[in-house]
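I am attaching a structure below and will ask some questions about it afterwards.
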Amino acid sequence: MTRALRFPIVVGLACSFAMVAPAAEIKGILMDQMCSGKADLRISGSTGLLVGGRIVAEAHTRECALMPECQKSGYGVYTEDNKFLKFDEAGNRKALAAIKASSKLDDFEVEVTGEVKGDSIKVVSLKILP
């Protein structure tokens with residue numbers, strides 16, 4: 001193979017590998033989208049205090065997450081930096097199965113692996129932490 005042909009092939013292969021996004025590993029609290037707004041950090045208008053955040057996400061219950069409206073809204077992970085990442089459909093199925101299989105009543109701390117795009121994550125794996 002001539003040198004003139006090898007260079008474009010090598011460059012093409014290098015570029016194709018560079019475009020593959022590595023899977024992100026996210027730790028946070030599993031909760032449904034419907035209730036995720038309660039965990040948003042904000043300043044209370046009546047008291048001026050900071051409300052919401054991780055403590056609210058940790059208090060989110062299994063009972064609530066399994067309610068039909070909450071299941072229908074889908075699931076996501078409330079991250080350590082106070083953001084909510086929505087799951088794709090496969091992630092929603094994995095989350096529902098994990099919640100049902102768990103004996104925990106609240107504080108569904110999880111480790112999620114997947115591809116993050118904006119405010120959502122394409123879930124490859126999901127594990128509830130002890």
Which residues end up grouped with I55 if you chain together Ile, Leu, Val, Met, Phe, Trp and Tyr wherever their side-chain heavy atoms are less than 4.5 Å apart? V56
Are any of the side-chain heavy atoms of T79 and I26 separated by less than 4.5 Å? yes
If you apply the rule side-chain contact (heavy atoms from CB on, under 4.5 Å), what do you find for V116 with L85, and how did you get there? CA-CA 8 Å; V116 177; L85 295 175; 4.3 Å; yes
Quick one: closest heavy-atom pair of S73 and Q33, and the distance? O-NE2, 3.2 Å
Start with the C-alpha distance between D32 and Q71, add both sets of side-chain angles, then the distance that settles side-chain contact (heavy atoms from CB on, under 4.5 Å), and finish with yes or no. CA-CA 7 Å; D32 59 86; Q71 286 184 42; over 6 Å; no
Treating Ile, Leu, Val, Met, Phe, Trp and Tyr as nodes and any side-chain heavy-atom pair under 4.5 angstrom as an edge, say whether L49 and I43 lie in one connected cluster. no
Contacts of E25 that satisfy salt bridge (Lys or Arg N to Asp or Glu O under 4.0 Å) - sequence neighbours left out: none
Under the salt bridge (Lys or Arg N to Asp or Glu O under 4.0 Å) rule, collect the residues that match up with K94, sequence neighbours excluded. none
Backbone N or O of G91 within a donor-acceptor pair of the Y75 side chain at under 3.5 Å? no
Can a donor-acceptor pair be found, under 3.5 Å and without considering hydrogens, that links the side chain of E109 to the backbone of G28? no
Could you grab the distance from atom NZ of K83 to atom CG of D40, nearest 0.5 Å is fine? 12.5 Å
Test item: R62 and K104 side chains (from C-beta on) under 4.5 Å apart, heavy atoms: no
Sequence neighbours left out, what passes salt bridge (Lys or Arg N to Asp or Glu O under 4.0 Å) with K38? Give chain and number order. none
So do the side chains of E58 and Y78 get within less than 4.5 Å of each other, counting heavy atoms only? no
Given side chains that start at C-beta, do those of R93 and L96 come closer than 4.5 Å, heavy atoms only? no
A65 to I99 - nearest heavy-atom pair and separation: CB-CD1, 4.0 Å
Which pair of non-hydrogen atoms, one from F87 and one from L30, has the smallest distance, and what is that distance? CE1-CD1, 3.5 Å
Report yes if the side chains of V110 and I29 come closer than 4.5 Å at any heavy-atom pair, otherwise no. no
Which atom pairs, one a donor and one an acceptor, fall under 3.5 Å between side chains of residues 120-130 and the rest of the protein, sequence neighbours left out?
{"from": "S120", "atom 1": "OG", "to": "K117", "atom 2": "O", "distance (Å)": "3.1"}
{"from": "S125", "atom 1": "OG", "to": "T113", "atom 2": "OG1", "distance (Å)": "3.4"}

Considering only heavy atoms from C-beta outward, does the side chain of F108 approach that of S102 to under 4.5 Å? yes
Return yes if some donor-acceptor pair links the side-chain N/O of R54 with the main-chain N/O of D81 below 3.5 Å, else return no. no
Taking only residues two or more places apart in sequence or in another chain, which ones pass salt bridge (Lys or Arg N to Asp or Glu O under 4.0 Å) with R42? none
Assess whether side-chain contact (heavy atoms from CB on, under 4.5 Å) is satisfied between D106 and H60, documenting all intermediate values. CA-CA 6 Å; D106 60 13; H60 187 254; over 6 Å; no
Verify side-chain contact (heavy atoms from CB on, under 4.5 Å) between E69 and M34, making sure each step is shown before the conclusion. CA-CA 8 Å; E69 318 77 68; M34 181 178 272; 3.7 Å; yes
